[in-house]
Amino acid sequence: MNKTTEAIINQLSELILGKEEQIRLAVVCLLCKGHLLIEDLPGMGKTTLSHGLANVLGLSYQRVQFTSDLLPADITGSSVFNTQQQSFDFHPGPIFSQVLLADEINRASPKTQSALLEAMEERQVTVDGKTHPLPEPFFVIATQNPLHQSGTHPLPESQLDRFFLRISLGYPDEHAEKSLILGNNLQRQHLSELSCVLDLTALAALQQTVVAVNLSESVVQYIINLVNFTRYSGQFSDPLSPRASIALGLATRAYALTQGRDYALPDDVQAVFAAVAGHRLNVSANELDDVVKGIFDNVAVVL
Amino acid sequence: MTSDKLLEPQTLLTTLLYGLVSILLLNSFGLVFTCAMLLIVLFKLAIYKKLVKGPSEKMINLLAFTIILVVFVAIGFANLVEMFVSLLLGACALKTIQAKTKKQAMSVQLLNFFVYPCFFIFSQNVLSLLFVLALLVINLAQMLWIEHDIELRSAMKQATKHLLLALPLAAIMVVLLPKVSPFWQLPGAKKTQTGLSEDIDPFEISELSRSDELVFRAILPDSAQMKPPFYWRTLIHDKFDGKRWRVSAHHDVPLQAPYRAVGASYTVIARPSGKTWLYNLGQAKSATRGVNTNHFGTLFMQNHLSSSMEYQVTPIHVSGIGLVNWQYRLNTALPEEINPLATAMAMRWDNTTDNTADFIKQMKQYFIEHRFSYSLMPATISDRDSIDTFLTETREGFCGHYAASAAFMMRAAGIPARLVSGYLGGEYNEERGYYSVYQYDAHAWVEYYVPQQGWYRLDPTAWVAPDRLIGSLSELTEVEDEFKDNLGLSLMSYSNLALVNWVRLQIEQLDYQWTRWVLNFDHQKQSRLLRDLFGQYHRLLPALSVFLLLIAIFIARFWYLQRKQLIKLPEAVKLHQAICRLAGEELHKLTPSQALFTLKSQYPGLSQELEEFNQYFVKSRFSRAQLTKAEATRMKALGRLIIKKAKK
């Protein structure tokens with residue numbers, strides 16, 4: 001399984017240079033059947049990443065550019081009257097794909113946002129009283145621009161919680177950027193050429209394996225101590241919920257799996273902590289590093 | 001059975017025990033307080049039988065107030081110790097009655113571990129020990145009873161077992177722990193029925209020897225070559241006011257005159273008397289700290305004798321004794337115009353004899369010719385000329401009468417004389433070779449002064465009852481019936497029954513051992529015992545090492561159990577922490593791989609070992625798989641290797 005995840009990460013790393021850790025986290029999110037939020041400025045490679053991920057996994061991919069005039073039906077699809085059949089035919093929207101990139105989600109109106117978020121949670125779409133199950137796997141990658149940008153509707157806290165991880169790609173390093181300029185990496189047009197590393201059954205099996213990763217008592221205790229610190233230190237207005245600690249445990253396991261281990265380490269917890277906790281603690285992406293470091297400094301590692 | 005149902009019988013039992021304690025301490029607490037305690041017991045009994053309702057808070061407060069009043073009035077501030085102990089007892093009894101929950105009852109039970117041993121303040125003999133131990137066992141059983149709802153019988157069994165298990169440890173501690181002298185002493189908590197008092201008027205006493213309480217024991221070594229009669233000099237009464245013989249103020253003045261030792265030392269174990277005087281034969285000096293000799297040659301202490309004390313006595317002879325004028329006057333002083341008959345008699349004898357010995361002969365003849373008799377229950381004589389009445393009319397009395405009369409007549413004839421009170425004889429224990437002296441052995445005799453020679457002893461009682469000089473008063477057949485009547489209910493009264501006497505002697509012997517080995521077990525005895533136990537150096541070492549080993553095993557076992565229960569720190573973590581400590585304290589906040597990274601940068605030479613150790617460590621701590629034995633050994637070896645190399 002190490003080989004599989006390693007292969008995915010390697011493939012994507014050729015596409016997005018110098019962002020191996022973010023790619024790994026994206027894979028973790030996928031393995032945990034969660035949805036990913038990428039917060040970044042435009043042009044950082046968000047779209048490329050999500051598209052690449054879909055291709056590598058051999059999943060169907062749809063991209064929706066969220067704008068202020070986007071309606072819920074534009075995502076979920078709508079029923080159209082079929083004059084020949086004398087009946088309403090459901091025309092599925094872009095949501096009916098295995099990987100959905102919701103680009104710039106915070107530009108859409110809250111109503112549209114919540115339509116998507118509802119679907120993410122329930123993994124089904126109800127149109128005109130009829131329920132349509134979403135495909136399996138269903139993986140939403142949403143991107144959002146930094147909140148200070150104009151014309152944005154910030155996602156409410158309760159809905160941010162629906163995202164399993166939040167990552168931010170950030171600027172590439174100098175070496176990577178040089179390569180980008182020189183066009184040494186795989187170009188977007190070559191995206192389709194990415195080889196499919198695993199099929200659906202293999203992915204499902206991999207997702208099953210995540211829960212089999214050993215979370216030792218001390219690691220669990222470490223997670224609890226970290227979560228408790230956000231609750232009782234008085235430094236956070238939105239402390240971590242039990243849902244967050246569950247996510248933390250699951251992400252830790254998946255991260256260990258991507259490292260080729262069948263047991264989790266405190267290092268794994270630290271590796272996923274910022275991505276799992278950042279948006280739940282309502283900390284902006286550029287403050288996140290300092291905040292997380294503060295927490296780690298205050299909570300002793302349990303051995 | 002629920003614990004609430006248990007609460008009633010349990011608190012009843014505690015109250016009954018308090019009642020028992022106060023009855024046993026009747027002598028110290030007095031009748032009024034004991035009656036008050038018994039009333040509380042009855043009250044509790046009535047509650048238990050559901051004859052009356054449990055007391056309200058108001059009622060308890062009222063009872064408490066009453067108890068305080070009773071204690072203040074009946075015992076008072078003069079006997080501080082008795083007062084506080086009785087207050088404690090009363091408070092505990094009321095708290096027990098008031099207890100409505102398990103927790104409240106439990107708190108009293110806990111307090112009892114302090115309350116019951118207070119009994120030792122009043123009595124320290126072996127029977128008290130057994131009694132207090134029994135109380136503690138019951139107390140422990142009661143705690144188990146209420147806490148765990150087990151049956152009283154099995155609770156008793158368990159409690160006894162626990163106590164028995166604790167006893168050897170206690171014994172070892174008594175033997176081995178360093179002896180420190182007490183930081184404070186109880187003020188005289190002891191009201192003895194002493195046979196002696198500092199001023200005596202024998203003619204007002206109608207009954208003697210009421211008590212068979214032990215006063216002291218003496219261990220006379222064979223080498224001392226002392227033979228009976230043993231006159232244990234205690235108090236010298238040299239002031240006579242016509243009625244009473246008093247102890248002069250010189251009793252507490254240490255001896256200044258030079259002296260020399262004149263015999264082998266012996267040991268006396270005195271029982272607490274609440275007094276300062278001690279007991280010795282003839283003139284004596286003691287090497288024991290705190291024991292002084294006064295100028296009469298008797299021993300005394302600075303503090304009151306509040307607990308059993310063992311002291312060494314060396315017979316001495318004080319040289320350069322002569323009576324200075326004031327001493328001469330003091331020892332011949334008589335009030336004017338009392339006992340004219342006795343005075344006349346003494347003058348007559350004085351005129352017909354030319355030395356003291358002859359004078360004494362005359363006196364002896366008078367007592368024998370006029371058929372004086374020895375009695376423990378003579379008629380009291382309360383008129384002014386009591387000696388006259390005794391000499392010419394009643395002619396019946398005990399030591400005090402004869403001694404007082406003889407001393408009076410000698411003073412009347414101008415011979416310096418004084419009354420001495422102390423003890424005569426003692427019961428000899430053949431098996432152990434010691435003398436037990438009881439209160440009923442109290443005796444009085446006379447000392448008179450011969451110029452240029454010193455003081456001599458004269459016991460006029462011996463003229464009348466020569467048997468009195470041998471052994472103890474209990475062995476004197478003449479007064480056997482009177483003696484036993486006076487003693488009342490006591491084992492001694494039935495000593496003619498062989499079995500009773502045997503039991504009495506066994507208890508006596510046990511008590512002797514107890515006093516000698518436990519109560520008087522001081523630093524000297526401890527070192528002597530250890531020397532006896534472990535011999536000289538060559539025998540000391542193995543015995544001591546075995547003992548230390550046992551202790552070490554015990555501690556290790558205890559520590560191991562503790563550790564297993566409380567601190568689940570696995571070997572691997574400890575090793576890891578030890579390694580991390582090499583690098584700095586903050587490492588405990590790092591994950592294993594971060595710590596590894598830091599350590600590697602600090603000890604680049606150890607990278608390989610660190611890496612390998614970390615692998616095993618991580619596997620043992622975080623994976624489901626257990627380390628194999630070989631891996632565990634390897635990890636430990638690596639850990640030690642790293643620490644060793646890093647320290648270099």
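Reminder, nothing fancy here: chain letters follow the sequence lines and each chain counts from 1. Because the structure is predicted, anything quoted here is derived from the model rather than measured.
Here the straight-line distance linking atom CG of D267(A) with atom CZ of F597(B) works out to 12.5 Å at 0.5 Å rounding. Of the inter-residue distances, the one linking S593(B) atom OG with Q270(A) atom CD reads 8.0 Å to the nearest 0.5 angstrom.
Within 6.0 Å of CZ on F113(B) lie more than 12 heavy atoms contributed by other residues, nucleotides or ligands. The environment of NZ in K619(B) is crowded: more than 12 heavy-atom neighbours from other residues, nucleotides or ligands sit within 6.0 Å.
Proximity of a side-chain donor or acceptor of N214(A) to a complementary backbone N or O of F622(B) within less than 3.5 Å is detected.
Heavy-atom minimum distance, A212(A) versus R624(B): O-NH1, 3.2 Å. The shortest heavy-atom contact between L265(A) and V618(B) is CD2-CG1, 3.2 Å.
For V213(A), the part lying near chain B is the backbone, with the side chain staying farther off; criterion is any non-hydrogen pair under 4.5 Å.
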